[in-house]
Amino acid sequence: MSVRGLISLLLAVCATALSQARTADGNMQRMVPRRACDFVNSIGVNTHFGYYDTQYGLYEEVLRPRLLELGVKHIRDGTFNADVARKYREVGQSGVRLLLITSAERVAEQAEAIGPMLWGVEAVNEPDGRGGDWVGVARQAQQRLYETVRADASMRDVAVVGLSLANIKDSPARLGDISQWMDYGGMHPYAAGQYPARHWGWGMSMDAALTEARRVSGSRPLLVTECGYHNKERNPNHPGVSERAAAIYHLHLFFIYFNQGVERSYKYELLDLRRDDAMTDMECHFGLVRADGSVKPSFTAIRNLLRIVADDAKREYKCRPLAVKVETPEGVTVRTTLLQTSDGRWFLALMRECEVYDLKRMKDVAVDPVDVVVRTGRRLDVRRYVPNESDTAVSAYGTTDSVTVPLGAEVQILELARRP
């Protein structure tokens, strides 16, 4: 064969190989990940440090150790005095930041007492539940807080968060656009016992709830300053779910809100307020920690999730896209979120959209696993995690470009690492 013929043959072989490679990757989605540290920072929890007559009064015994064990870096609170400020500063030494509900009259004093762990401030919580001319009062409170903070050089790094409304269906149109007086918008979408993507409170869909929130916050980044499930199952107006169901739904909720562009979601709340064995008061059952100090399955699941995707990203880094294809059985909807850590590992979260609690019968629903195939455009070292069970891998697949995941109702996470 002549040199020219050999070159032609080699070119043909290369062209065929390239064509086959394109065909192999052609059905894959080129996913651009988000930083794992941004996801970790998207998870917060509400607290009540100054509720001394509740479990929050047990600061050394329960509040502080459980908060630090949980691992969230953001809390939201509306209590303040000298003792509470000291406790804020103390947990702040572990990297916790605070969103404080306050007022224009008190914010400077409070910011000085709390120090750099103060992340942001919020004017009024759910003003539409207070009656009277709540619209005028709320608009004035928001404007005064924003202008006070922005006029004080010592608070230049403190974010101002917009009002969160109790009635997310009707109140936003009444309040109107006040985005000029905020850095972030706020909202309270409670799922009322249902799957988080299907219900955002007041019978509203996810898209409808976000649209209404934008009536107030415009194009500002959005925070969900309260959300989550409680465990008072017999509660018709705002249904609760079992502890098992809440633990599954809470992880779905954080990923779903993150995928919708919500920058942070604060679960309501850290501790059950007090013992209520007869289940008479819904407000006593929103906690991740029971009134006796023991942790609920939701606490364990969130703690494990944060440990799995933890990343001490003190430097900026650029996320690298990954070709991925997720194959599901017919009729099964699987949502995904792709994260990447600063050391280059990808974490692919798989969330099967399904109900795990029957609100009418008030019983858990068993969800049998289905096989979901995940293919990647390159061979990677793959491990599988189930945060509801553990913070360590439940399976190690070795180096491969295809894995089959038995996906039930729980969020599952694939760690995808390049070979050394």
Side-chain angles (χ1 to χ4, degrees), residues 27-29 31 33-34 36 39 42-43 189 191-200 205-207 227-229 239 241-260 262 265 267 297-298 300-306 308-309 322 324-339 346-361 363-376 382-395 397 400 402-416:
N27 294 327
M28 291 193 178
Q29 177 185 358
M31 298 180 67
R34 296 177 66 181
F39 176 71
S42 79
I43 299 176
Q194 300 185 49
Y195 185 78
R198 298 177 184 171
H199 190 274
W200 279 41
S205 68
M206 182 163 56
D207 291 340
C227 61
Y229 300 83
V241 297
S242 69
E243 291 186 0
R244 167 192 172 271
I248 295 171
Y249 281 159
H250 277 131
L251 296 200
H252 285 253
L253 178 151
F254 288 126
F255 280 109
I256 289 168
Y257 289 8
F258 186 72
N259 287 353
Q260 291 298 313
V262 173
S265 301
K267 153 66 181 158
S298 287
T300 304
I302 295 169
R303 181 197 64 195
N304 290 346
L305 172 63
L306 293 172
I308 291 166
V309 301
L322 180 67
V324 177
K325 183 180 182 183
V326 178
E327 300 173 355
T328 63
E330 185 176 355
V332 174
T333 299
V334 175
R335 298 172 181 270
T336 62
T337 302
L338 183 65
L339 307 172
W346 291 278
F347 288 87
L348 179 65
L350 303 170
M351 297 151 280
R352 178 178 170 188
E353 186 170 316
C354 56
E355 301 285 350
V356 299
Y357 188 81
D358 187 327
L359 289 172
K360 292 182 178 179
R361 300 173 60 201
K363 290 185 177 180
D364 289 314
V365 175
V367 178
D368 294 329
V370 297
D371 285 343
V372 172
V373 179
V374 177
R375 305 185 191 278
T376 57
V382 183
R383 297 183 182 187
R384 181 168 61 91
Y385 296 83
V386 184
N388 287 85
E389 298 178 7
S390 173
D391 61 359
T392 60
V394 298
S395 298
Y397 297 91
T400 180
S402 176
V403 297
T404 299
V405 177
L407 188 61
E410 295 85 359
V411 170
Q412 299 200 33
I413 298 175
L414 296 181
E415 178 188 356
L416 308 163

Item to check | Candidate pair Met206 and Tyr257, rule side chain to side chain contact (heavy atoms under 4.5 Å, CB included), full reasoning | outcome: CA-CA 9 Å; Met206 182 163 56; Tyr257 289 8; 5.8 Å; no
[atom1]/[X] to [atom2]/[Y] distance, rounded to the nearest 0.5 angstrom?
{"X": "His199", "Y": "Ser205", "atom1": "NE2", "atom2": "OG", "result": "10.0 Å"}
{"X": "Leu251", "Y": "Met351", "atom1": "CG", "atom2": "CE", "result": "10.0 Å"}
{"X": "Thr404", "Y": "Tyr397", "atom1": "OG1", "atom2": "OH", "result": "7.5 Å"}
{"X": "Ile302", "Y": "Leu305", "atom1": "CD1", "atom2": "CG", "result": "8.0 Å"}
{"X": "Asp364", "Y": "Glu355", "atom1": "CG", "atom2": "CD", "result": "12.5 Å"}
{"X": "Lys267", "Y": "Ile43", "atom1": "NZ", "atom2": "CD1", "result": "13.0 Å"}

Checklist entry - Is the backbone of Thr336 close enough, under 3.5 Å, to the side chain of Asn259 for a donor and an acceptor to pair up by distance? => result yes
Next on the checklist: I'd like to know if the side chain of Asn388 and the backbone of Ala247 have a donor-acceptor N/O pair within less than 3.5 Å.
Outcome noted: yes
Can you find a heavy atom in the side chain of [X] that is under 4.5 Å from one in the side chain of [Y]?
{"X": "Val373", "Y": "Val403", "answer": "no"}
{"X": "Lys325", "Y": "Asn27", "answer": "yes"}
{"X": "Thr328", "Y": "Val370", "answer": "no"}
{"X": "Leu348", "Y": "Thr376", "answer": "no"}
{"X": "Trp346", "Y": "Met31", "answer": "no"}
{"X": "Pro239", "Y": "Tyr357", "answer": "no"}

Checklist entry - Regarding Arg335 and the six-membered ring of Phe255, is the cationic atom NZ or CZ under 6.0 Å from the ring centre and inside 45° of its axis? => result no
Next on the checklist: Can a side-chain donor-acceptor contact be found between Glu243 and Tyr229 if the only test is distance below 3.5 angstrom?
Outcome noted: no
Exercise answer: donor-acceptor pairs, residues 408-415 side-chain atoms, under 3.5 Å, sequence neighbours excluded:
{"residue": "Gln412", "atom": "OE1", "partner": "Arg384", "partner atom": "NH1", "Å": "2.7"}
{"residue": "Gln412", "atom": "NE2", "partner": "Pro406", "partner atom": "O", "Å": "2.8"}
{"residue": "Glu415", "atom": "OE1", "partner": "Tyr385", "partner atom": "OH", "Å": "2.7"}
{"residue": "Glu415", "atom": "OE2", "partner": "Arg345", "partner atom": "NH1", "Å": "3.1"}

Can you name the closest pair of heavy atoms from [X] and [Y] and give their distance?
{"X": "Ser265", "Y": "Cys227", "answer": "CB-SG, 4.1 Å"}
{"X": "Arg383", "Y": "Ala393", "answer": "CB-CB, 4.1 Å"}
{"X": "Asp368", "Y": "Arg352", "answer": "O-NH1, 2.8 Å"}
{"X": "Tyr195", "Y": "His252", "answer": "OH-ND1, 2.8 Å"}
{"X": "His250", "Y": "Gly228", "answer": "NE2-CA, 3.6 Å"}
{"X": "Val365", "Y": "Arg244", "answer": "O-NH2, 3.4 Å"}

Next on the checklist: Centre-to-centre under 6.0 Å for Phe254 and Phe39, is that the case here?
Outcome noted: no
